Q: 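One structure, pasted below without further comment.
This one's a predicted model, so the numbers in the text were calculated from it and none came from an experiment.
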Amino acid sequence: MLAIKTEGLCKDYRLGFWRRRTRVLHALDLTVEAGETFGYLGPNGAGKTTTLKLLLGLVLPSAGRAWLLEQEVGDPEVRAAVGFLPENPSFYDYLTGEEFLAYGARLAGIPRRRAREQIAALLDQVGLMGAGRMQLRKYSKGMLQRIGLAQALLGDPPLVILDEPMSGLDPIGRKEVRDIILRLRAEGRTVFFSSHIIPDVEMICDRVGILLGGRLARVGRLDELLGTEVESVEVTAVGLPEPIVEELGVLALAPPLVQGGRALFRLRGDVEVDKLLRRVLEAGGRIASVTPQKRGLEELFLAEVRAGARR
Amino acid sequence: MSRRGVLGATLTVAAMIAVVPLSLALERRAPPAEGGVGPAPVLLRASILRPLLLGFHPLAADLYWLRTIQYFGAHLQTDEQIPHLYGLVDLVTSLDPHFIDAYQIGGLFLAIGKRFPEAIAIYEKGIAANPQRWELPYDLGRLYFLDLKDEAQALRWWEVTDRLPGRPHYVPRFMARLYTKTGSLETAFELWNAMYEGSDNEWVRKTAKQEMQKILAQMKAQTAPKAGR
Amino acid sequence: MRIVAIAFMAFTEAVRDRILYSLLAFALAMIGSSIVLVRLSVGGEAKIVKDLGLGAISLVGVLIAVFIGVGLVSREIDRRTIYTIMARPICRAEFILGKFCGLGLTLLVNVAVMTVGLLSLAWLLEGRWSPELLPAVLLAYVELLLLTAAAILFSAFTTPTLSAIFTLSVFVIGRLIGDLRAFAEQFGGAGLRALATGLSYVFPNLARFNISEASVHALPLGTGYIPLALLYGGAYLILFLAAAMAIFARQDLK
Ligand SMILES: Nc1ncnc2c1ncn2[C@@H]1O[C@H](COP(=O)(O)OP(=O)(O)OP(=O)(O)O)[C@@H](O)[C@H]1O
Ligand SMILES: [Mg+2]
């Protein structure tokens, strides 16, 4: 079963005084299988939020179609099975956390008794146990993010769509959100989320898509996209005189980084590594570490963005 | 704003702008004011003012009524000149044509100021607007009888009163008196007394009481010379 | 069910808003001030109390309907609170209807409070209840519902400030239109007559919902006047709400 599917999805916004049409999403074709955890990456203004709003029917497509759980998104009933956390969420600030969740549960059609149990459990899960009776206007940014996540999980939806779920959270909060997403994955639910925080995405996603300027530049499984071969080797040497560092710099991919008597070299392959190690020992230096570098998501992302800029 | 929004806004603004020339055109075409009473301290004629009050005209009538009372009270104490009273009462009763108290008390005010044609005009306006209310023809008959000594007219209006629902029991008695043309002072006394008994308005009761005392004095003066003779 | 939830939330929001209390206090002060005016008057005491009370109910209701009404939907969009709501299984029309019912309920409570205040004061003055005022209150409430629907309609496509202006002009034109038409028929040319007639179908004739004068003087209305007025108001209500829903359904929430 497909959790999300889009076909030629386009969005035009009218901008400026003359209300000129600007296409911010270009014929997006995307599928997300049920049970997948999908990371949606892209620089600011790439159109991530726009995509998510289209999926939830908050904005209407200029062209193309989209399905959630194999139902077309025009039908409001689709959203009964979807939880959504908007970016920088803002809620009725005169409600308490509990009241707000209860309201969400009523709108989602969850029976009252089950809603009450769920609300307590969810508040606990997102780390807001003590704050359920507090008005939302007194919540901090991170607390709002947490209550937003809690309302997205109301009713155990099989599909959860999160717009930048980690933004505004402290490191502990980020880890908690990561754990929640991992738990949802373990329960076999589909999570589709956008993010800027690449290590988080790298750690928890099955598949990622990279959106650039409203176009999907790359999409695929993480291991396919990143490959397994070693991209470069980083060598740290200690106790080298400065002229030697400069001399060895020609072997490296980038000028060496020198700090407090330690020098860091990034080398292309084994040949360069052999040459460098030999010369360091000859010059009376010591080798502190040798680390092979695989291509990471961050590099892929940056490379895509650079390539996108050249296009 | 969407194109539809612009269209909607334009239409609505156009409609709003249209209100001004429309009302100006109306004022130009409106029939000339009925002369006679002189300049009233009223800015707009009731026919223009009433629609502009957007349905709050009964409230405006109340406020003008309070102003009418102040005007009457102030001038009665000073120069006893009340040239604008008719204009005010007319405005009040145009704003709220069913404001019976305004006709009754306004008519009384005008009678006290000896402005009888105006008082009659006010009563007649009230009778035309409220043909089912006995109070107004009754008061008009009393005005004819007491102030203008016109028994024929008084009889005429009391006959009107007699046919209306809720009229008091003493109306036929007054009519009988007029038919037999007897005892006009006694009738006057009873008229004022009926007013005294029938009203719970302090000012009206006070006025009626003063008039009764005057008539009592008159009756004494009439009987005293007879006895002396 | 979901409409009820949205309506109750709109009601809750209004109840927790200070605007409502200040307007209600203003209304009660206005009704209460009639005691002072009555002392200044010779005659018409009960009438003054009733005129002022019905006027206050109408005026304050209009202010609530307009100024809360234009924010019902637009404020949700501005503050982005609408995202978590419209991401639920709710259609746009339900949202509009729920908001409308919520303000309708708020107005009902307000009108009820003011009416109780007015009737009690009239009772103090006259020593009897004045049930003849209730039809006037009922139709005044229908008028307020119409203005609420108009406020929602305008706020679906323009800014709150402009919406408030437009809604107030619906009130003004709606209350004027009958007189305007009568004047045009009497004195106007063909163009003016056509314009007034056209306007009188576009705008509801709100003066038809203002029977306070007749109620205060206990004058008879034509037979079936009130049911007919309710139907007339219902028809415009449907038109306004349908237009608001149609516009809102095609709108991007951003
Ligand atoms: N309401 C709007 N009206 C007009 N243009 C908009 C609107 N919302 C977004 N855009 C434009 O659409 C493009 C994509 O915006 P979007 O919010 O989808 O980006 P994003 O990928 O979510 O960015 P970020 O990472 O900063 O959240 C941007 O160029 C933005 O200017
Ligand atoms: Mg975004």
Q: Would you check if there is a donor-acceptor pair between the side chains of Asn130(B) and His217(C) at a distance under 3.5 Å?
A: no
Q: Considering only heavy atoms, which portion of Leu54(C) lies under 4.5 Å from any heavy atom of chain B: side chain, backbone, both, or neither?
A: neither
Q: Quick one: list whatever passes side-chain contact (heavy atoms from CB on, under 4.5 Å) with Asp147(B), sequence neighbours left out.
A: Ala111(B), Phe116(B), Leu143(B)
Q: Is a side-chain donor-acceptor pair under 3.5 Å present for His98(B) with Glu213(C)?
A: no
Q: Sequence neighbours left out, what passes side-chain hydrogen bond (donor to acceptor under 3.5 Å, both in side chains) with Arg208(C)? Give chain and number order.
A: none
Q: Report, as yes or no, whether the 6.0 Å neighbourhood of atom CH2 on Trp129(C) holds more than 12 heavy atoms from other residues, nucleotides or ligands.
A: yes
Q: If we ignore hydrogens and angles and just use 3.5 Å, is the side chain of Asp101(B) paired with the main-chain N or O of Gly44(C) as donor and acceptor?
A: yes
Q: As a quick check of understanding, evaluate side-chain contact (heavy atoms from CB on, under 4.5 Å) for Asp62(B) and Leu37(C), giving each step before the final call.
A: CA-CA 9 Å; Asp62(B) 298 345; Leu37(C) 290 187; over 6 Å; no
Q: Locate the shortest heavy-atom distance separating Val42(C) from Ile105(B); write the atom from each residue and the value.
A: O-CD1, 3.6 Å
Q: Select one option (side chain, backbone, both, neither) describing which atoms of Leu63(B) are under 4.5 Å from chain C's heavy atoms.
A: side chain
Q: I'd like to verify something: which residue of Leu54(B), Leu59(B), Leu53(B) has the highest number of heavy-atom pairs under 4.5 Å with chain C?
A: Leu54(B)
Q: Using side-chain heavy atoms (C-beta onward) and a distance below 4.5 Å, is Phe56(B) in contact with Ser212(C)?
A: no
Q: Which atom pair, heavy atoms only, marks the closest approach of Leu176(C) to Pro51(B)?
A: CD2-O, 3.3 Å
Q: What are the two closest non-hydrogen atoms of Asn210(C) and Gly55(B), and how far apart are they?
A: ND2-O, 2.9 Å
Q: Any side-chain heavy atom of Pro58(B) within less than 4.5 Å of one from Lys50(C)?
A: no
